Amino acid sequence: QKVSVEVLDHLEHLALVDFRDAEGVERLQKAIQFADQLHEVNTDGVEPMDSVLEDRWCLYLREDDVTEGNCTKELLENAREKVEEYFVAPPGNIPLPKLEERETFLQGS
Amino acid sequence: LAPWIPVVGLEIHAQISSNSKLFSGSQVQFAAPPNSLVSFFDASLPGTLPVLNRRCVEAAVMTGLALNCSINKKSLFDRKHYFYADLPAGYQITQQRVPIAVNGSLSYSLCIDNKMSQMVTKTVRIKQIQLEQDSGKSLHDDTRSQTLVDLNRAGVGLMEVVMEPDMCCGEEAAAAVRELQLILQTLGSSQAVMAEGQLRVDANVSVHHPGEPYGVRTEVKNINSIRFLAKAVDYEIQRQIEELENGGTILNETRAFDSKLGCTVPMRDKEGKQDYRFMPEPNLPPLILYDAKSLPANMNHQQVINIDWIHERLPDLPSVKREKLVEQYGILPEHSFTLLNEDGLAEFFESVVKQTQMKPKKVIGWILNDLLSYLKQHSLTVKESPVSSSLLADLLNLLEKKEISSTAAKRVLVELWKGEGKTPLEIVKEQKLELLQDQKELEQICQAVIDGQENEVIMMVLG
């Protein structure tokens, strides 16, 4: 069962991945096929597992103390653009170009 | 025309009152230099991991208990994915599958017909309470076509309280939120100040005809006060009714409330239906809570949260405080509502009652009619009142002892508002407001008045 172009487009929007070419899409299909093997096991009435450690994986609770922060300068070193002490971003999400306009394989599929 | 039934549900985000954030040790504080309260985890730098803040869990448990919820002894964390500049990780850690508390209820009261004399109690079901991260703040600079991002708020703990669509109008929604606000403030789990973004409300509104299925609902955001909440909800109900009666349809969309125009407008394009791709948060195991029965024997105290221990230490909720006021002082239920509605007013009232012989039933009139209306006129809080509880008590004592009349007392109060430091007794003496008790003196005054107005007296006698 092949993955439709609509689904590929939807995934590219959601995850900003670029399947790029036939090989990329094929890799995706193989990955789905591999994961689908899980359906061969009947899990009716079985609680989903959170971790192989089961009960031994305890959620650590931290005390409500202030121990971090105050590193504005360091953080802003990563910013390509800044204004005073703010990060600068475009005015809104830049939409992914429409399917027709994208340069990837999907255009030709 | 068939009647319309409006249906209103609410999603309320309350910022948890804590020193540090939900999953990191950076400080929680309103109005600090941009990006100064941000840890590496908050900025989503690679290699950082979430570590759950115990205080945030306790706040959520307290709130769940106060809202009569079942506390889930095992709850889970999930990732909710979407792209926005103020969400550096590209996902928010929330509790989508199994939240910390479910199936509660909130009782609130309304005045019928705007008269304080008749109150009716309503209940709204609480679907759930979940712990989640707040996002950073975006400041839109339209002139330079850019957004400035401050991550100080990113990662602050939130409790999302979901109220089922049991409400039918703006007034009910506002009353429910007001009661929730009072409860949160009483618990201390959130300071719930809407103006500081500590309490944010989104309303879900739809209309339908009796007997028919629920209509398409819209989500209304950007509501900044309880007053605007009522307006936004009522406007949206009307808009939907008019649209449907004109043969139109309602879109399942998100709308923003414009407080200046008093209407709702479609929000900037929300890219169709969002797919959040929920997945379990792989870096956090389930959150396990205990009660007296299930308390583990050998665990470190600091790592254990005992629901029963928290339950035993819950303070009196507003509804209980009101009942106690009514019972103890013989005031009306409506009075108790007003007392609790103003920060510090109940304490002021009780303080005055302690210091005066006047019956609480009479004192309440002076508190609600005189003191409160003055404070409102001058936009003062109880704490800022130029008249202290002892000064008012002194005044009421003079009245109670019949040393002054009620009218005189009101005049003294006017003087006291000036806050010049004079005592009621001093003002009474200054303005000669003492009641004359001497019968003979009173007769002399009356006679003098009659004597001085002979013509008027004759007119009166003649009829």
Side-chain angles (χ1 to χ4, degrees), chain A residues 6-18 28 32 35 38 47-99, chain B residues 18-21 23-28 33-43 45 51-57 76 81-86 88 90 136 138-142 144-152 268-269 271 275 277 280 282 284-288 299 302-305:
Chain A
E6 287 75 35
V7 170
L8 288 172
D9 182 42
H10 187 56
L11 287 173
E12 292 203 339
H13 269 96
L14 289 179
L16 295 184
V17 293
D18 184 351
L28 173 68
I32 296 172
L38 292 171
E47 275 298 300
M49 172 185 273
D50 305 297
S51 151
V52 296
L53 297 174
E54 294 198 324
D55 302 336
R56 286 172 294 153
W57 189 23
C58 291
L59 180 51
Y60 177 78
L61 294 171
R62 184 178 54 85
E63 278 302 305
D64 186 26
D65 300 318
V66 175
T67 56
E68 302 175 278
N70 239 310
C71 48
T72 318
K73 201 153 165 259
E74 263 178 293
L75 291 173
L76 288 174
E77 272 169 25
N78 283 330
R80 191 184 64 175
E81 238 194 285
K82 47 184 172 250
V83 167
E84 292 172 23
E85 283 159 336
Y86 291 92
F87 292 99
V88 177
N93 284 356
I94 299 171
L96 206 58
K98 287 212 171 87
L99 190 56
Chain B
S18 61
N19 301 323
S20 57
K21 295 183 180 178
F23 293 116
S24 68
S26 40
Q27 192 180 2
V28 176
N35 293 306
S36 61
L37 308 176
V38 184
S39 67
F40 287 1
F41 171 78
D42 304 331
L45 298 189
V51 187
L52 183 55
N53 179 341
R54 189 199 156 88
R55 157 69 188 163
C56 292
V57 180
L76 307 170
H81 301 79
Y82 64 93
F83 291 118
Y84 207 61
D86 60 24
S138 295
L139 297 158
H140 300 288
D141 182 0
D142 294 321
R144 282 176 206 77
S145 201
Q146 62 189 14
T147 297
L148 303 180
V149 177
D150 173 13
L151 297 178
N152 283 348
R268 275 176 302 149
D269 124 87
E271 302 162 29
D275 181 349
R277 293 183 301 148
L284 293 170
L287 171 60
I288 309 291
M299 246 173 105
Q302 194 269 342
Q303 290 300 311
V304 171
I305 292 185

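These numbers come from a predicted model, not from an experiment. What's counted below: heavy atoms across the whole structure, side chains too, no hydrogens, waters or symmetry copies. Numbers restart at 1 for each chain; the letters A, B, ... are given by sequence-line order, proteins then strands.
Here CG of Asp42(B) is found 9.0 Å from SG of Cys71(A). Values are rounded to the nearest 0.5 Å. The distance from the CG atom of Leu16(A) to the CZ atom of Phe83(B) is 4.0 Å, given to the nearest 0.5 Å. A distance of 11.0 Å separates CG in Leu52(B) from OH in Tyr60(A), rounded to the nearest 0.5 Å. To the nearest 0.5 Å, atom CD of residue Glu85(A) and atom CG of residue Leu148(B) are 12.0 Å apart. From Phe41(B), atom CZ reaches atom CD of Glu68(A) across 9.5 Å, with rounding to the nearest 0.5 Å.
Interface residue Phe23(B): only backbone heavy atoms are found under 4.5 Å from chain A. Leu284(B) touches chain A through backbone and side chain together, each having a heavy atom under 4.5 Å away. For Val57(B), the part lying under 4.5 angstrom from a heavy atom of chain A is the side chain only. Only the side chain of Asp50(A) comes within less than 4.5 Å of a heavy atom in chain B; its backbone stays farther off. Using a 4.5 Å cut-off between heavy atoms, Leu14(A) touches chain B through backbone and side chain atoms alike. Contact annotation for Pro280(B): neither backbone nor side-chain heavy atoms come within less than 4.5 Å of a heavy atom of chain A. Residue Glu84(A) does not touch chain B at all, counting heavy-atom pairs closer than 4.5 Å. For Ala79(A), no part sits under 4.5 Å from any heavy atom of chain B, backbone or side chain.
Minimum interatomic distance between Val88(A) and Gln146(B) (heavy atoms only, all atoms of both residues): CG1-OE1, 3.6 Å. In terms of heavy atoms, Leu61(A) sits closest to Gln302(B) at O-NE2, 3.3 Å. Taking every heavy atom of both residues into account, Ala15(A) and Arg277(B) meet most closely at CB-NH1, 3.6 Å. Scanning all heavy atoms of the two residues, the minimum distance from Pro91(A) to Ser145(B) falls at CD-O, 3.2 Å.
Counting heavy atoms of neighbouring residues, nucleotides and ligands inside a 6.0 Å radius, atom CG of Leu53(A) exceeds 12 of them.
Using a 3.5 Å distance cut-off with no hydrogens or angles, the side chains of Arg62(A) and Ser24(B) do not pair a donor with an acceptor. With 3.5 Å as the limit, one finds no donor-acceptor pair spanning the side chains of Thr72(A) and Asn35(B).
Counting heavy-atom pairs closer than 4.5 Å to chain A, the top-ranked of the candidates Pro286(B), Ser26(B), Pro285(B) is Pro285(B). Between chain A and the residues Ser18(B), Gly90(B), Pro282(B), the largest count of heavy-atom pairs under 4.5 Å involves Ser18(B). In terms of heavy-atom pairs under 4.5 Å with chain A, the best-connected choice from Val51(B), Leu45(B), Leu76(B), Leu37(B) is Val51(B). Residue with the most contacts toward chain A among Ser138(B), Ser36(B), Ala85(B), Cys56(B): Ser36(B) (heavy-atom pairs, distance under 4.5 Å).
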- prompt: Leu75(A) and Val38(B): side-chain contact (heavy atoms from CB on, under 4.5 Å), yes or no, with the steps?
  reply: CA-CA 8 Å; Leu75(A) 291 173; Val38(B) 184; 3.6 Å; yes

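Asp64(A) places a side-chain N or O within 3.5 Å of a backbone atom of Ser20(B) that can act as its donor or acceptor partner.
Considering only residues two or more places apart in sequence or on other chains, Phe87(A) meets the ring pair (Phe, Tyr, Trp, His ring centres under 6.0 Å) condition with none of them.
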